[in-house]
Amino acid sequence: MPSLRLGSIAPDFEADTTAGPIKFHDWIGNSWAVLFSHPGDFTPVCTTELGEVARRAPDFEKRNVKVIGISANGLEEHHKWVKDINEFGSKVGPTDVQFPIIADEDRKISTLYDMLDEQDATNRDAKGLPFTIRTVFVIDPKKVIRLTLSYPASTGRNFDEIIRVIDSLQLGDKHRVTTPVNWKKGDDVIVHPTVSNDEAKTLFPEFTQHYAYLRTTPLKVE
């Protein structure tokens, strides 16, 4: 199948998870979703990542974002691993993994989403099958892929950045704006190029025109 790109519809699938069986699109419903993959259970970097995601549950919830992990192991291993994640995570702060983790022993979903590591010969299981790389998909309520990130197996993900991008995407969907380099919630934004100056005077009365192609404005949002 063609590579998944920004703007592609996220493929639907059925799967068993630590929270029970799901049909992916139905599970997303009218929410945003973050699908993030892991090379395998009982791996050190992933253990730290899942704990962080569990601790950030309120941040995802207030943004109407559902989070789901996937690893090329079975449910029994997943449930055992969750105990380790919660135990180790408690060294940082209260940690309780409640989000589902997909069992993908046959790698069907990993293949569907092109998550398998075909380059790193060391990132393979005992049978020589490739593990997944650390991939992130941010999917909107229309099931459109809005962000993809791929991290090497050796590098943990930055969930501050993932949440920052979700904030930017949601802001841009609601208001006709884009966000500049290193933008954080509350910073000035960029007036979208499709907004005329006449429109901008109404929509963004405090906007500043720096060049014909670059206008910034404060934006007060809750």
Side-chain angles (χ1 to χ4, degrees), residues 1-5 8-29 31-57 60 65-89 95-139 143 145 147-157 159 162:
M1 61 175 292
S3 297
L4 296 176
R5 300 180 182 275
S8 298
I9 297 297
D12 199 9
F13 58 82
E14 295 182 4
D16 291 325
T17 80
T18 51
I22 66 162
K23 194 170 190 297
F24 189 49
H25 283 191
D26 291 345
W27 176 82
I28 294 173
S31 301
W32 289 67
V34 173
L35 170 65
F36 65 119
S37 62
H38 305 275
D41 293 359
F42 307 106
T43 49
V45 177
C46 296
T47 299
T48 66
E49 290 181 324
L50 271 75
E52 173 67 7
V53 173
R55 290 188 295 274
R56 301 297 292 269
F60 288 111
V65 178
K66 294 181 177 180
V67 178
I68 189 166
I70 180 172
S71 180
N73 297 85
L75 288 179
E76 184 177 352
E77 290 172 295
H78 283 356
H79 285 295
K80 290 178 181 177
W81 186 31
V82 165
K83 293 179 181 178
D84 287 355
I85 295 165
N86 289 336
E87 181 180 22
F88 183 80
T95 305
D96 183 16
V97 174
Q98 293 293 322
F99 58 85
I101 304 172
I102 296 167
D104 191 35
E105 287 185 283
D106 58 9
R107 294 166 170 73
K108 283 185 179 179
I109 299 165
S110 299
T111 301
L112 182 65
Y113 276 77
D114 193 21
M115 296 175 175
L116 295 179
D117 192 343
E118 299 292 350
Q119 300 298 321
D120 185 352
T122 68
N123 193 30
R124 295 175 180 269
D125 66 10
K127 298 178 182 177
L129 296 174
F131 283 125
T132 55
I133 51 178
R134 288 192 171 84
T135 305
V136 180
F137 291 90
V138 172
I139 300 163
K143 317 305 181 286
I145 296 171
L147 170 75
T148 61
L149 291 170
S150 294
Y151 284 70
S154 59
T155 304
R157 283 164 277 210
F159 283 92
I162 292 166

* Please, which pairs that meet salt bridge (Lys or Arg N to Asp or Glu O under 4.0 Å) have at least one residue in residues 44-57, sequence neighbours excluded? -> Glu49-Arg134, Glu49-Arg157, Glu52-Arg55, Glu52-Arg56, Arg56-Asp59, Arg56-Asp160

* For Ala19, check side chain to side chain contact (heavy atoms under 4.5 Å, CB included) against everything at least two apart and list the hits. => Thr17, Pro100

* Taking only residues two or more places apart in sequence, or in another chain, which ones meet Ser154 in a side chain to side chain contact (heavy atoms under 4.5 Å, CB included)? -> Pro152

* To do: Find out whether Asn73 and His78 are in side-chain contact, i.e. whether some heavy atom of one side chain is under 4.5 Å from a heavy atom of the other.
  => yes

* **Phe88, CZ atom: more than 12 neighbouring heavy atoms under 6.0 Å** => no

* Write out all pairs satisfying salt bridge (Lys or Arg N to Asp or Glu O under 4.0 Å) with one or both partners inside residues 31-45, taking only residues at least two apart or from two chains. => none

* Please report the shortest heavy-atom distance between Phe137 and Leu4, naming the atom on each side. => CE2-CD1, 4.3 Å

* Asked: Looking at residues at least two apart in the chain, or sitting in another chain, which of them share a ring pair (Phe, Tyr, Trp, His ring centres under 6.0 Å) with Phe60?
  -> none

* To do: Using side chain to side chain contact (heavy atoms under 4.5 Å, CB included) as the criterion, list what pairs up with Leu149, not counting sequence neighbours.
  => Val136, Leu147, Tyr151, Ile162

* Quick one: NE2 on His38 to CD1 on Ile101, what's the gap to the nearest 0.5 Å? -> 6.5 Å

* Shortest non-hydrogen contact from Trp27 toward Ala33 -> CZ3-CB, 4.2 Å

* To do: Give the intermediate values and the outcome of side chain to side chain contact (heavy atoms under 4.5 Å, CB included) for residues Asp104 and Met115.
  => CA-CA 12 Å; Asp104 191 35; Met115 296 175 175; over 6 Å; no

* Partners of Ser31 by side chain to side chain donor-acceptor pair (under 3.5 Å), sequence neighbours excluded? -> Asn64

* Measure the OG1-CD1 distance between Thr135 and Ile70 for me, rounded to the nearest 0.5 Å. => 9.5 Å

* Which residues share a side chain to side chain donor-acceptor pair (under 3.5 Å) with Asp16, sequence neighbours left out -> none

* Structure fact -> salt bridge (Lys or Arg N to Asp or Glu O under 4.0 Å) filter on Glu77, not counting sequence neighbours, yields none

* Structure fact -> Closest non-hydrogen atoms of Val45 and Thr155, given as atom of the first, atom of the second and distance, are CG1-C, 4.1 Å

* So do Ser37 and Ser110 actually touch side chain to side chain, heavy atoms under 4.5 Å? -> no

* **Residues forming a side chain to side chain donor-acceptor pair (under 3.5 Å) with Thr18, sequence neighbours excluded** => none

* Asked: Side chains of Thr47 and Trp81: do they bring a donor and an acceptor to under 3.5 Å?
  -> yes

* **Ring geometry between Phe36 and Phe99 (parallel below 30°, tilted from 30 to 60°, perpendicular above 60°)** => tilted

* **Flag side-chain contact, heavy atom, 4.5 Å: Ile22 against Ile68** => yes

* Taking all heavy atoms of Glu105 and all of Gly74, pick out the closest pair and write down the distance. => CG-N, 3.3 Å

* **Test salt bridge (Lys or Arg N to Asp or Glu O under 4.0 Å) applied to Lys143 - qualifying residues, sequence neighbours left out** => none

Taking distance alone, no hydrogens or angles, what donor-acceptor pairs closer than 3.5 Å link side-chain atoms of residues 8-15 to residues at least two apart or in another chain?
residue	atom	partner	partner atom	Å
Ser8	OG	Arg5	N	3.0
Ser8	OG	Arg5	O	3.0
Asp12	OD1	Phe24	N	3.3
Asp12	OD1	His25	N	2.9
Asp12	OD2	Lys23	NZ	2.5

* To do: Go through Leu35 and Ile102 one step at a time and tell me if the side chain to side chain contact (heavy atoms under 4.5 Å, CB included) criterion holds.
  => CA-CA 10 Å; Leu35 170 65; Ile102 296 167; 4.1 Å; yes

* Ion pair present between Glu87 and Lys83, side-chain N to carboxylate O less than 4.0 angstrom? -> no

* To do: Find the distance between CD1 (Ile85) and CG (Asp96) and round it off to the nearest 0.5 Å.
  => 11.0 Å

